[in-house]
Amino acid sequence: MEAQPPPPQQQQLDLEDSSRTERAQWLINSPEPPSLWWELVGSVKGSFSTHGRNHSSSTTKGKRAISFFQALFPILSWGRTYKASMFKHDLMAGLTLASLSIPQSIGYANIAKLDPQYGLYTSVVPPLIYALMGSSREIAIGPVAVVSMLLSSKLPSLVDPAVDSIGYTKLVFTVTFFTGTFQAILGLFRLGFLVDFLSHAAIVGFMAGAAIVIGLQQLKGLFGLSHFTSKNDVVSVLSSVSKSVPREWYPLNFVLGCSFLVFLLVARFIGRRNKKLFWFPAIAPLLSVILSTLVVYLTKADKHGVKIVKHIKGGLNPSSVHQLQFNGPHVAEAAKIGLISAVVALTEAIAVGRSFASIKGYHLDGNKEMMAMGFMNLAGSLTSCYVATGSFSRTAVNFSAGCRTVVSNIVMAITVVLSLELFTRLLYYTPVAILASIILSALPGLIDIDEACNIWKVDKLDFLACLGAFVGVLFKSVETGLIVAVAISFLKLLLQSIGPAVGQLGRLPRTNMFCEVDQYPMASKTPGLLTLGINSSLLCFANANFLRERITRLVTEDENGAEETGNDRVQILILDMTNVLNIDTSGILALEELHTNLVSRGIKLAIVNLRWQVIHKLKLSKLVEKIGADCIFLTVAEAVDACLASKLAINNTNF
């Protein structure tokens with residue numbers, strides 16, 4: 001007698017079971033993930049590659065070399081399509097940028113306690129190097145207020161510029177060398193994520209605090225004071241001002257500085273109200289310098305207490321190779337300050353670069369930007385420059401002026417060179433109060449009150465990082481503000497890692513999608529099954545025990561609820577690990593203990609969608625064998641359907 005074929009319904013179930021098993025095997029038999037060493041080597045190669053993938057075997061060595069140099073020097077790629085019509089826009093933007101950069105650079109050098117020419121030098125070599133290696137089209141390179149303040153707050157405790165100005169200048173060059181080195185290393189090994197620990201909220205608070213401190217320091221120039229504190233916290237600065245003003249105040253300095261400060265702020269207001277007049281606030285600082293210099297020269301105001309810049313050394317950047325100090329007593333401190341400067345400079349540059357890149361609709365590679373910043377500061381340290389980075393205010397001017405490429409930086413650098421060669425003698429009578437007013441007029445752009453309010457509304461912990469950075473910079477130092485901000489960010493990350501959410505999942509009506517029932521109340525649970533999702537990217541020593549105890553508690557609560565309501569008790573626990581990207585030995589041990597505990601209670605464990613690193617480590621630890629290959633699924637829907645089809649259903653008597 002011939003055997004009867006199985007009914008169509010059974011055939012369909014067998015086919016579905018076979019398909020599920022096949023898909024589970026795809027997951028279990030996935031190839032080994034790349035090793036840590038391979039990823040490290042690949043990241044370094046990626047820093048010099050225009051493509052994320054390796055070149056094909058048919059690619060010639062010549063093409064590889066071309067690709068390498070195009071990745072290292074992006075100007076070789078876009079330079080071939082550069083047109084004369086684009087240069088017209090870049091020329092106007094570069095000249096406008098130079099008109100703002102020249103007075104600002106002199107002022108920022110003053111903040112850094114350097115001679116004025118060093119600010120101008122820093123607006124020559126770094127922009128030229130960045131034009132060759134940088135990928136942002138709008139960013140304007142040069143000295144900035146925050147980094148200048150950072151140097152002036154840390155270095156005078158090592159070498160007093162008032163006592164040994166040459167030694168102080170050498171130390172600044174050494175710090176700049178270390179800054180460039182750290183930036184290049186971060187970019188080379190694609191470690192840009194380390195800079196991201198200084199979160200957006202922390203940057204908002206840090207910049208606001210730094211702006212206020214820088215503004216208070218300008219009271220020295222605005223009042224024409226000779227004796228002023230070397231500290232940067234708000235209490236010390238205000239105390240120094242209150243003691244010095246009654247004895248040293250020269251009213252003409254204050255009147256001159258405030259008059260032009262009002263002019264600069266009015267120009268800024270007009271430029272914001274009428275976009276066509278963007279050039280007016282850009283050239284206003286240079287106009288202020290020219291007019292105030294003429295006023296002082298014609299009225300001999302320097303004979304009546306008005307402090308002037310006096311001699312500014314002209315000419316091209318001299319070499320500073322032999323001024324770098326690697327054997328002195330302050331090398332370790334210089335390296336430490338260089339690291340802090342590298343992080344602050346990169347944070348500001350990448351933030352401003354990405355914001356304008358998003359407006360123009362192109363992607364900015366943060367790691368390649370770090371390499372460009374690193375090499376330009378290394379070159380700068382050898383050519384009498386101090387730390388340079390992207391400037392918020394000058395980049396906005398460059399963008400508004402219609403720049404098309406970084407050629408605007410080249411035009412600006414050439415203009416500054418011409419100024420160094422031809423016009424530095426004309427700045428002898430420039431009043432110091434004007435430089436203070438120029439810096440003060442640029443500071444409101446660093447204080448973003450609206451964004452701080454928005455951070456408060458969206459995330460209170462983020463606002464705490466913002467407030468911590470602000471208070472730390474304002475009342476202690478730049479370093480303290482950074483440490484507080486990073487510490488709060490780490491604490492937030494740690495809290496989220498130690499106590500990640502474990503949500504119960506249910507099927508959305510008329511779909512195969514499983515979502516958290518707390519967020520989607522309409523999602524339905526399956527009797528006899530408990531489906532949980534782990535909302536953490538890491539299952540590691542920091543959260544493994546918490547997750548194991550949390551899952552065990554949820555299983556117990558579900559069992560107790562089933563007894564009270566008379567529903568089916570939990571027979572199978574389905575664990576969705578889609579969000580878990582990696583696992584360590586503590587996480588594996590926690591899963592093994594959970595599995596053992598569940599088996600002792602008559603509950604079977606099924607695991608869904610193990611990521612590449614996770615499945616690899618579970619196979620190496622033999623945990624996949626203990627759980628059973630038939631309990632590994634690709635999706636939650638397949639795991640639930642398998643249970644409902646009685647392929648995984650078990651009786652308590654089997655345990």
Self-check item: Check: Asn253 side chain, Gly305 main-chain N or O, donor-acceptor pair, under 3.5 Å
Solution: yes

Practice problem: Measure the OG-CG distance between Ser123 and Leu97 for me, rounded to the nearest 0.5 Å. | Solution: 8.5 Å

Quiz item: Just checking, any donor-acceptor pair under 3.5 angstrom between side chains of Glu369 and Ser135?
Solution: yes

Quiz item: Is there side-chain contact between Val289 and Ile438, with heavy atoms separated by less than 4.5 Å?
Solution: yes

Quiz item: Distance from Leu256 atom CG to Ser288 atom OG, nearest 0.5 Å?
Solution: 9.5 Å

Quiz prompt | Where Ala131 and Val406 come nearest, the two heavy atoms and their spacing | solution = O-CG2, 3.6 Å

Quiz item: Would the number of heavy atoms belonging to other residues, nucleotides or ligands and lying under 6.0 Å from CD1 of Ile449 be above 12?
Solution: no

Quiz prompt | CA sep, side-chain torsions, deciding dist, call: Ser165, Lys113, side chain to side chain contact (heavy atoms under 4.5 Å, CB included) | solution = CA-CA 9 Å; Ser165 61; Lys113 300 186 187 301; over 6 Å; no

Quiz item: Taking Asn377 for the side chain and Ala388 for the main chain, is one N or O donor matched with an acceptor at less than 3.5 Å?
Solution: yes

Quiz item: Between Asp233 and Val213, does a side chain to side chain contact (heavy atoms under 4.5 Å, CB included) hold up when you go through it step by step?
Solution: CA-CA 7 Å; Asp233 62 282; Val213 170; over 6 Å; no

Quiz item: Counting only heavy atoms not in Phe269, do more than 12 fall under 6.0 Å of its CZ?
Solution: no

Exercise. Considering non-hydrogen atoms only, spot the tightest contact between Leu443 and Ala211 and give its length.
Key: CD1-O, 3.3 Å

Practice problem: Decide side chain to side chain contact (heavy atoms under 4.5 Å, CB included) for Phe206 and Phe470; before the verdict, give the C-alpha distance in whole Å, the side-chain angles of both, and the deciding distance to 0.1 Å. | Solution: CA-CA 5 Å; Phe206 176 81; Phe470 176 77; over 6 Å; no

Quiz item: Counting only N and O atoms by type, is there a donor-acceptor contact under 3.5 Å from the side chain of Asp302 to the main-chain atoms of Lys307?
Solution: no

Quiz prompt | Minimum side-chain heavy-atom gap Asp365-Arg190 below 4.5 Å | solution = yes

Quiz item: With distance as the sole test, does Glu348 use its side chain to make a donor-acceptor pair with the main-chain N or O of Val344 at under 3.5 Å?
Solution: no

Quiz item: If you measure only the distance, is there a donor-acceptor pair under 3.5 Å linking the side chains of Ser239 and Ser242?
Solution: no

Exercise. Determine whether Leu120 and Ser419 make a side-chain contact, defined as any pair of heavy atoms from C-beta on separated by less than 4.5 Å.
Key: no

Quiz prompt | Thr179 side chain vs Gly338 backbone, donor-acceptor pair below 3.5 Å | solution = yes

Exercise. Starting at CD1 of Ile308, measure out to CG of Leu435 and round the result to the nearest 0.5 Å.
Key: 11.5 Å

Quiz item: Are the side chain of Thr383 and the backbone N or O of Ala379 linked by a donor-acceptor pair below 3.5 Å?
Solution: yes

Quiz item: If you round to the nearest 0.5 Å, how far is CD of Gln104 from OG of Ser391?
Solution: 6.0 Å

Exercise. Looking only at non-hydrogen atoms, find the nearest pair between Ile106 and Pro116 and report the distance.
Key: CG2-CB, 3.8 Å

Quiz item: Should His330 and Gln325 count as side-chain neighbours, where that means a heavy-atom distance under 4.5 Å?
Solution: no

Quiz prompt | Pairwise distance CD(Gln70) to OG(Ser77) - rounded to 0.5 angstrom | solution = 3.5 Å

Self-check item: Residue pair Leu316 / Glu421, side-chain heavy-atom distance below 4.5 Å
Solution: yes

Practice problem: Look at atom CG of Leu422 and say whether more than 12 heavy atoms of other residues, nucleotides or ligands are closer to it than 6.0 Å. | Solution: yes

Practice problem: For Lys360, look at atom NZ and say whether over 12 heavy atoms of other residues, nucleotides or ligands are found less than 6.0 Å away. | Solution: yes

Quiz prompt | Working for ring pair (Phe, Tyr, Trp, His ring centres under 6.0 Å), residues Phe177 and Phe326 | solution = CA-CA 10 Å; Phe177 180 87; Phe326 299 119; 5.1 Å; yes

Quiz item: Are Met376 and Ile141 close enough that some pair of their side-chain heavy atoms sits under 4.5 Å apart?
Solution: yes

Self-check item: Which atom of Met371 lies closest to which atom of Leu72, heavy atoms considered
Solution: CE-CD1, 4.0 Å

Quiz item: So which pairs with a foot in residues 430-441 pass side chain to side chain donor-acceptor pair (under 3.5 Å), sequence neighbours left out?
Solution: Thr293-Thr430

Just list the side-chain donor-acceptor pairs under 3.5 Å for residues 279-287, sequence neighbours left out, or say none.
| from | atom 1 | to | atom 2 | distance (Å) |
| --- | --- | --- | --- | --- |
| Trp279 | NE1 | Lys276 | O | 3.4 |

Quiz item: Given Val234 and Leu216, is the side chain to side chain contact (heavy atoms under 4.5 Å, CB included) satisfied, shown in steps?
Solution: CA-CA 7 Å; Val234 63; Leu216 291 174; 3.2 Å; yes

Practice problem: Identify, with sequence neighbours excluded, every residue that meets side-chain contact (heavy atoms from CB on, under 4.5 Å) alongside Ser384. | Solution: Tyr118, Tyr121, Phe173, Pro318, Ser320

Practice problem: Give the minimum heavy-atom separation between Val473 and Gly209, together with the two atoms involved. | Solution: CG1-C, 3.6 Å

For residues 147-161, please give each side-chain donor-acceptor pair under 3.5 Å, one per line with the distance, not counting sequence neighbours.
| from | atom 1 | to | atom 2 | distance (Å) |
| --- | --- | --- | --- | --- |
| Ser148 | OG | Tyr108 | O | 3.4 |
| Ser148 | OG | Val144 | O | 2.7 |
| Ser148 | OG | Tyr386 | OH | 2.9 |
| Ser152 | OG | Ile111 | O | 3.2 |
| Ser152 | OG | Ser148 | O | 3.4 |
| Ser152 | OG | Met149 | O | 2.9 |
| Ser153 | OG | Met149 | O | 3.2 |
| Ser153 | OG | Leu150 | O | 2.8 |
| Lys154 | NZ | Glu479 | OE1 | 2.4 |
| Ser157 | OG | Lys154 | O | 2.8 |
| Asp160 | OD1 | Ala162 | N | 3.0 |

Quiz item: Can you list every ring pair (Phe, Tyr, Trp, His ring centres under 6.0 Å) pair that touches residues 391-444, not counting sequence neighbours?
Solution: Tyr297-Tyr429, Phe356-Phe399

Quiz item: Who passes side-chain contact (heavy atoms from CB on, under 4.5 Å) against Val245, sequence neighbours left out?
Solution: Phe223, Leu225, Val241, Trp249

Quiz item: Any side-chain heavy-atom pair from Ile139 and Met373 closer than 4.5 angstrom?
Solution: yes

Quiz item: Does Asp90 reach the main-chain N or O of Arg404 with its side chain, forming a donor-acceptor pair under 3.5 Å?
Solution: yes

Quiz prompt | Note, Met207 side chain near Asp448 side chain (heavy atom, < 4.5 Å) | solution = no

Exercise. Would you give the length of the straight line joining atom CG of Asp115 to atom CD1 of Ile312, rounded to the nearest 0.5 angstrom?
Key: 9.5 Å

Practice problem: Decide whether Asn398 and Thr395 meet the rule of one side-chain donor and one side-chain acceptor closer than 3.5 Å. | Solution: no

Self-check item: Mutual orientation of the aromatic rings belonging to Phe73 and Phe69 [parallel < 30°, tilted 30-60°, perpendicular > 60°]
Solution: parallel

Quiz item: Of all heavy-atom pairs between Thr389 and Ala349, which one has the smallest distance, and what is that distance?
Solution: OG1-CB, 3.1 Å

